[in-house]
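Since the structure comes first, as structure tokens, the remarks are kept for the end.
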Number of protein chains: 2
Amino acid sequence: MSEKRLHILEVAEQLFYEKGFEGTSVRDIANTASVNLAMISYYFGSKEKLLTALVEWRAGYIQGVLNELVTDETLDPFEKIDRLVNLYTDKIFNHSRFHCIMTTHLPTIQSEKIKQLMTDIKLRNLDNIRRIITEGQKKGFFRKVDIELTVASIMGTITHITSSKPLYYKIYGIERNNAEAYNKKIAPKLKTHLKQLLRTHLDIKSDTGML
Amino acid sequence: MSEKRLHILEVAEQLFYEKGFEGTSVRDIANTASVNLAMISYYFGSKEKLLTALVEWRAGYIQGVLNELVTDETLDPFEKIDRLVNLYTDKIFNHSRFHCIMTTHLPTIQSEKIKQLMTDIKLRNLDNIRRIITEGQKKGFFRKVDIELTVASIMGTITHITSSKPLYYKIYGIERNNAEAYNKKIAPKLKTHLKQLLRTHLDIKSDTGML
DNA sequence: GTTTAATTTAAACAATTGTTTAACTTTGCG
DNA sequence: CGCAAAGTTAAACAATTGTTTAAATTAAAC
């Protein structure tokens, strides 16, 4: 991938994050990236295909690491859950702009291709987590839970935290737009919370027979 | 509020939900609502003020019911949590369009006024739930948990479910855009999952000393 | 060095955007 | 009725949108 093409993708990511897909003009991207307007059509074909390229570029990232974790036979199920929490929290916090585009901007785009692309990515992620949980159940560590909704709680919690930044800036008294201070303060808390939430949720010893 | 004004708000809600704020033109709203283009400026002043009016109209809704629940002295803390889950799930499923606008479209809007409005609404909600949890802690039912993150898990899970409809359509084999079948199938599952998740999370008896 | 392909440019394209204007009709009140 | 306020309309406004064109420049290959 040419360096210029990559630079356009990075600039587009920043702008889509700040102003949304519809709210960002192609001229805006071209000016910020210091390239001629026509270069974007030249490289990507259209604004929408630029977005698709961005998603494909970033989304492949987590798949490899997640796959390794799933197939690792040296870790017990609870450890895998803990690492899963670390993996997702770090990934989402480190690429928070892209994650924000995925969760809040992409769903607003009408294109069927984009919707299909997103669904595929989510399905692959869900499947990997499902394998970790069912493995834990087979080994007798985890009890019977609704796996899809458990995944929804993991992803939903992290997403809620990253997409409600202005709220948590206020709550935790962090100065505005200081993303680094935010991550440093929230990420460890979030990891602890999720690990503890999932431990009591999954542990067969805390089964109350409600389900 | 005049009937026509209300009708414009309902139409705008539908369109903002489908295509986002930037993706919806004022002409689009006017045509769909069968009113003249200029009527929207006449009634609301601008497109952005129309959005503000929509948020203020819908957001006040849950506050009253939530307040009642918090101050109800006949319910024990676990019952309050269960009712809270029912309340939010029903509210979000019944007004899923508005909720989707709140969570996925509003954050993309640059306006400081809109951002402030959203933060205020969320703070009020957070505060009510905080009161329920601290009450349960004082009475010795709940253990020490991170309240902000617990709220994030509740809201995040529900939001994740409502905003990933296409994914769950596929998983549960529901025909596309059959929102009613979706709600009927998912809402009870979601309530059970959240109640069970929160019970083991909050119950002082399942304290593992991790926090 | 010549030629072919890839890259880059400014300009123009038609379409759509949010908002305003000024003229018109309807409504409500004395 | 008479008249002022509220409601409604079509038309025009300037600005911006995504994309295309055709000419100019650079790079690569022979």
Side-chain angles (χ1 to χ4, degrees), chain A residues 1-57 101 105-115 117, chain B residues 1-57 101 105-115 117:
Chain A
M1 175 135 49
S2 101
E3 202 172 311
K4 204 163 210 170
R5 210 182 117 101
L6 216 92
H7 181 231
I8 293 173
L9 280 182
E10 281 167 350
V11 166
E13 181 182 54
Q14 176 71 34
L15 291 175
F16 288 160
Y17 164 70
E18 285 172 12
K19 327 204 284 184
F21 181 73
E22 304 281 0
T24 304
S25 72
V26 181
R27 276 168 186 78
D28 212 351
I29 300 171
N31 290 338
T32 314
S34 299
V35 300
N36 187 278
L37 172 64
M39 291 307 293
I40 281 150
S41 288
Y42 179 74
Y43 273 125
F44 300 97
S46 71
K47 189 186 176 188
E48 192 178 297
K49 282 179 187 163
L50 163 64
L51 176 65
T52 313
L54 171 63
V55 174
E56 280 165 350
W57 173 49
I101 293 172
H105 296 290
L106 284 199
T108 74
I109 294 159
Q110 290 298 86
S111 155
E112 284 303 318
K113 269 194 181 173
I114 302 274
K115 284 192 199 302
L117 189 59
Chain B
M1 176 132 52
S2 98
E3 202 172 311
K4 205 164 210 170
R5 208 181 119 102
L6 218 93
H7 181 230
I8 293 173
L9 281 182
E10 281 166 350
V11 166
E13 181 182 53
Q14 176 72 34
L15 291 175
F16 288 160
Y17 163 71
E18 286 173 11
K19 327 208 282 185
F21 180 72
E22 305 281 0
T24 304
S25 73
V26 181
R27 277 169 185 78
D28 213 351
I29 300 172
N31 289 338
T32 313
S34 301
V35 300
N36 186 276
L37 173 65
M39 292 307 295
I40 281 149
S41 288
Y42 179 75
Y43 272 125
F44 299 97
S46 71
K47 188 186 175 188
E48 192 178 297
K49 282 180 188 163
L50 162 64
L51 176 64
T52 313
L54 171 63
V55 175
E56 280 166 348
W57 173 49
I101 293 171
H105 297 288
L106 284 199
T108 75
I109 294 159
Q110 291 297 86
S111 154
E112 283 304 316
K113 268 194 181 174
I114 301 273
K115 286 193 198 300
L117 190 57

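Values below: all heavy atoms of this structure, side chains included; hydrogens, waters and symmetry mates excluded. All chains are named by letter (A, B, ...) in the order of the sequence lines, taking the proteins before the strands, and each is independently numbered beginning at 1.
The distance from atom OG of B:S25 to atom CG of B:N31, rounded to the nearest 0.5 Å, is 7.5 Å. Note: B:L51 CG to B:E56 CD = 10.0 Å, rounded to the nearest 0.5 Å.
Of the residues in residues 17-30 of chain A, those placing a heavy atom less than 4.0 Å from an atom of DNA chain D are A:T24, A:S25, A:V26, A:R27, in numerical order.
Between the CG atom of A:N36 and the C1' atom of C:dA10 there is a distance of 7 Å, given to the nearest Å.
A side-chain donor-acceptor contact under 3.5 Å links A:K115 to the backbone of A:I109.
Within 4.0 Å of B:L37, counting heavy atoms only, lies at least one base atom of the nucleic acid.
On the nucleic acid side, DNA chain D contacts chain B at distances under 4.0 Å to non-hydrogen atoms, with the end points of that region at D:dA6 to D:dA12.
With 3.5 Å as the limit, one finds no donor-acceptor pair spanning the side chains of B:Q14 and B:E10.
Looking only at side-chain heavy atoms (C-beta outward), B:T52 and B:K113 stay at 4.5 Å or farther from each other. Between A:T24 and A:I29 the shortest side-chain heavy-atom distance falls below 4.5 Å.
Heavy-atom neighbours of B:K49 NZ from other residues, nucleotides or ligands within 6.0 Å: at or below the threshold of 12.
The side-chain contact (heavy atoms from CB on, under 4.5 Å) search around A:E13 returns A:L54, A:R58, A:R97, A:F98, A:I101, not counting sequence neighbours.
The phosphate of C:dT9 (OP1 or OP2) has no side-chain N or O of A:Y42 nearer than 4.0 angstrom.
Annotation: of the two residues near DNA chain C, B:S41 and A:V35, the 5′-most nearest-nucleotide partner is A:V35.
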